[in-house]
Amino acid sequence: MPVQQRRRGRIPGWLRGVIWAVVAIAVISTASYSTGVAALTSSNTASTALRLALPILLCALGGLWAERAGVVNIGLEGMMILGTWGAAWGSYNGGVWAGLIAAIVFGALGGLLHAVATVTFNVNHIVSGVAINLLGLGVTKYLANLIFAPISGNPRQSPVVPKFDTYSATFLSDWLGDLEKQQRVGISDVAGILRGLVTEVAPLTMLAIILVPVSFWILWKTRFGLRLRSCGENPVAAESLGVNVYLHKYVAVIISGAFAGMGGASLVLLRGGADYLENQTNGRGYIGLAAMIFGNWRPGGLLGGAALFGYADGLQLAGGGEAVLALLYGAVILVAVIVVVQLFRRQWIAAGLGVVGAGVLYAIYWANDTLPSDLIPYTAHFVTLIVLAVASQRLRPPKADGQPYRRGED
């Protein structure tokens, strides 16, 4: 009975996500008001953040599918690189939807190669993933030189390719725009963020967001998903119950590559982004992997991680060093809230460390008017490192994640 009571008293995961979203908006709204930096909650920042969060979200979903089946997919970056080239090639020759399909196919081929190496030949997952990353970079460089260079005159970029059209909720966007211009504390901040999320949205954006609940439903609510996750928890037990472990691992890793390829397509086919460029992904595959880890191998959690990293990346583009410094002030407020919570829980050491961390962050904020321009482009990377360091204590990966498996072995 006490166990049942504790379970009933637990806050549902979706509600925790809503609470954290409200807290995050309250923090950046307070920081925007306190620092006078409107870019923290502007519609332009929110729109840019949404576009930049998509490749991270799709790569995180790809990592989720692979690792829930027990395969570590460090090769997400290479599969995304393959997707960028496939998107540009397909879009140039057949339009945006052909580009999206080509990106999915190229990413899935990268996933298939990773599955052959790790599942069939039992190659170390990290070694195979690094090889996929190097292979993706080399293959796309060769293909770009072979196919794009005669057309664009530059072996490092594609010719101009078609982009997805965008759509806006016109009435809602106009109303939210009026509220944003009024500069009311809290209300205008929320209006600016919401306006950025409903203005000039591409079909690929909507598809990527829909894939989050779809992935949750498949992996947690279907028989196929239960079998796939059992391969990542205890493949020997799954095999004893008649589950084709090899098949499920193959399917999961191929889907993982397809999602990463879609992430590459989002860099090429969305308005505001560039056409295909060499090294275009800029480590977003690794950040997607970090978002998945931050989300504790859960779809809702990785959505929050992708939103966080996309926001940090979008803020540095929309607001520059002054806005990033204001975000640092918001981090001080958030750490202060966490310290209060830790004090109520009587976790004295964690609270003490939080006070020290808040003091360091505030000292950096106080001592600078802006951040060095050389550091600003790496805002999302710094946020990734900090978030993973903070979240590392509560992580629970699949038990057999990354472990070798041979059919018939104990």
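Note that these values count all heavy atoms, side chains included, but never hydrogens, waters or copies made by symmetry. Position 1 is the first residue of the sequence; numbering continues from there.
Relative ring orientation between W220 and F216 is described as parallel, the plane-to-plane angle staying below 30° on a 0-90° scale split at 30° and 60°. The aromatic rings of W65 and F224 lie tilted to each other, with the angle between the two planes from 30° to 60°.
Of all non-hydrogen atoms in L100 and M262, the two that sit nearest each other are CD1-CG, 4.2 Å. Residue L361 comes nearest to A331 through the heavy atom pair CD1-CB, 4.1 Å, listed as atom of the first residue, atom of the second, then distance. Across every non-hydrogen atom of L179 and S188, the tightest pair is O-OG, 2.6 Å.
Using a 4.5 Å cut-off on side-chain heavy atoms (C-beta onward), D189 and S32 make contact. F259 is not listed as a side-chain neighbour of M80, based on a closest heavy-atom distance of 4.5 Å or more. In this structure the side chain of L112 never reaches within 4.5 angstrom of the side chain of V253, judged on heavy atoms. Within the 4.5 Å cutoff, side-chain heavy atoms of E233 are placed close to those of R68.
Aromatic pair Y92/Y276: centroids not less than 6.0 angstrom apart. Residues W85 and F148 place their aromatic rings such that the two centres sit under 6.0 Å apart.
Atom CD of Q157 is surrounded by more than 12 heavy atoms from other residues, nucleotides or ligands within 6.0 Å. Counting heavy-atom neighbours within 6.0 Å of R346 CZ, excluding the residue itself, gives a total of 12 or less. Heavy atoms from other residues, nucleotides or ligands lying under 6.0 Å from NZ of K163 number more than 12.
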task: For the pair Y329 and S34, evaluate side chain to side chain contact (heavy atoms under 4.5 Å, CB included) and give the outcome as yes or no after the intermediate values.
output: CA-CA 9 Å; Y329 184 86; S34 301; 3.6 Å; yes

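T281 and E77 form a side-chain donor-acceptor contact under 3.5 Å, judged by distance and modelled atom types alone. There is no side-chain donor-acceptor pair under 3.5 Å between E180 and S42.
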